[in-house]
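Sequential numbering from 1 along the given sequence is applied to the chain's residues. Worth saying up front: this structure is predicted, and the values here are computed from it rather than measured. Any value given below was found using the heavy atoms of this structure, including those in side chains, with hydrogens, waters and symmetry copies removed.
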Amino acid sequence: VQLQASGGGLAQAGGSLRLSCAASGRTSSIYGMGWFRQVPGKEREFVAVIGWGSGVTYYSDSVKGRFIISRDNAQNTVNLQMNSLNPEDTAVYFCASDPNFVDWRTRTPDYWGQGTLVTVSS
């Protein structure tokens, strides 16, 4: 599976951004698809994931209630609507997928795309 992320950029605190991730290749093998983020010098952090068939969602506590993950199975795309952004959301966001698991709060997915930078100014 190949993953292509887009939509990063600059936002002001309190603003919104929307990330997209397009999957190609063996998309029929996708079980979960979602996002991690990483700040330089820190570990990669789980953000959100959605079950490709079930639509079940999981969010990290830090983004719950502000971010919304959705999928478009026909377009093989996952979107992350990020609202009420704050400077602590500044990071490189990575799209990921996994053929077997959707609860990424405790497991690391197998496939990764390139990152897209999100910068939130105060």
Side-chain angles (χ1 to χ4, degrees):
V1 175
Q2 291 78 48
L3 304 170
Q4 181 71 42
S6 61
L10 178 65
Q12 291 189 330
S16 298
L17 281 175
R18 182 179 175 90
L19 303 182
S20 293
C21 180
S24 60
R26 291 190 60 188
T27 57
S28 60
S29 69
I30 296 174
Y31 190 78
M33 192 162 164
W35 300 88
F36 280 68
R37 66 186 181 186
Q38 189 170 24
V39 175
K42 293 188 177 181
E43 290 189 0
R44 197 168 291 188
E45 173 193 21
F46 165 71
V47 176
V49 62
I50 188 166
W52 199 243
S54 66
V56 67
T57 58
Y58 295 98
Y59 295 91
S60 69
D61 289 341
S62 61
V63 308
K64 194 176 297 181
R66 299 188 298 122
F67 291 11
I68 302 171
I69 190 168
S70 61
R71 75 197 193 287
D72 183 334
N73 297 78
Q75 298 294 325
N76 293 323
T77 300
V78 164
N79 299 306
L80 186 68
Q81 179 66 40
M82 304 185 295
N83 302 318
S84 302
L85 286 163
N86 59 62
E88 289 70 39
D89 295 316
T90 295
V92 177
Y93 284 71
F94 294 90
C95 178
S97 74
D98 194 272
N100 297 304
F101 301 100
V102 68
D103 188 351
W104 295 355
R105 294 171 297 180
T106 57
R107 300 186 72 99
T108 301
D110 284 350
Y111 300 104
W112 294 85
Q114 92 291 356
T116 185
L117 178 63
V118 171
T119 303
V120 183
S121 62
S122 57

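- Under the 6.0 Å cut-off for aromatic ring centres, Trp35 and Phe46 do not qualify, their centroids lying 6.0 Å or more apart.
- With hydrogens and angles disregarded, no donor-acceptor distance shorter than 3.5 Å links the side chain of Arg26 to the backbone of Val1.
- Between the side chains of Asn83 and Gln81, at least one donor-acceptor pair of N or O atoms lies under 3.5 Å.
- Looking at heavy atoms from C-beta onward, Pro99 lies in side-chain contact with Asp110 at the 4.5 angstrom threshold.
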- prompt: Would Ser16 and Met82 satisfy side-chain contact (heavy atoms from CB on, under 4.5 Å), going step by step from the backbone distance to the final call?
  reply: CA-CA 5 Å; Ser16 298; Met82 304 185 295; over 6 Å; no
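- Taking OG from Ser121 and CG from Leu85, the interatomic distance works out to 10.0 Å, rounded to the nearest 0.5 Å.
- Under a hydrophobic clustering in which Ile, Leu, Val, Met, Phe, Trp and Tyr are joined whenever their side-chain heavy atoms come within less than 4.5 Å, directly or via other members, Tyr58 and Phe101 fall into different clusters.
- Only one option out of Leu80, Asp89, Ile69, Leu19 pairs with Val47 in a side chain to side chain contact (heavy atoms under 4.5 Å, CB included); it is Leu80.
- Summarising the geometry of Met33 relative to Ala23, their closest heavy-atom pair is CE-CB, 3.8 Å, with the distance given to 0.1 Å.
- Going from atom CG of Asn73 over to atom CG of Asn76 covers 7.5 Å, rounded to the nearest 0.5 Å.
- Distance check: Ser62 OG to Glu45 CD gives 4.5 Å after rounding to the nearest 0.5 Å.
- Residues Tyr111 and Trp52 share a hydrophobic cluster, clusters being chains of Ile/Leu/Val/Met/Phe/Trp/Tyr side chains in contact below 4.5 Å.
- In this structure the side chain of Val78 reaches within 4.5 angstrom of the side chain of Ile50, judged on heavy atoms.
- Going from atom SG of Cys95 over to atom CZ of Phe36 covers 11.0 Å, rounded to the nearest 0.5 Å.
- The minimum heavy-atom distance linking Gly8 with Val118 is given by the pair CA-CG2, 4.1 Å.
- Between Leu3 and Trp112 the shortest side-chain heavy-atom distance does not fall below 4.5 Å.
- Evaluation of the ring pair (Phe, Tyr, Trp, His ring centres under 6.0 Å) rule for Tyr59 yields no partner, not counting sequence neighbours.
- Around the CD atom of Gln38, the shell of radius 6.0 Å holds more than 12 heavy atoms that belong to other residues, nucleotides or ligands.
- Thr90 places no side-chain N or O within 3.5 Å of a backbone atom of Thr119 that could act as its donor or acceptor partner.
- Note: the hydrophobic cluster containing Val56 also contains Val49 (ILVMFWY, side chain heavy atoms under 4.5 Å, direct or indirect links).
- Of the inter-residue distances, the one linking Ile68 atom CD1 with Thr57 atom OG1 reads 10.0 Å to the nearest 0.5 angstrom.
- The shortest side-chain heavy-atom distance between Arg66 and Asn86 falls under the 4.5 Å cut-off.
- The cationic atom of Arg37 (NZ for Lys, CZ for Arg) does not lie both less than 6.0 Å from the six-membered ring centre of Phe94 and within 45° of the ring axis.
- Within the 4.5 Å cutoff, side-chain heavy atoms of Val102 are placed close to those of Tyr31.
- Counting only distance, with no hydrogens or angles, the side chain of Gln114 and the backbone of Ala5 share a donor-acceptor pair below 3.5 Å.
- Ring geometry for Tyr93 against Phe67 counts as tilted: the plane angle lies between 30° and 60°, on a 0 to 90° scale.
- Counted by atom type alone, Asp72 and Thr77 present zero donor-acceptor pairs between their side chains at under 3.5 Å.
- Between the side chain of Thr27 and the backbone N or O of Ser24 there is no donor-acceptor pair closer than 3.5 Å.
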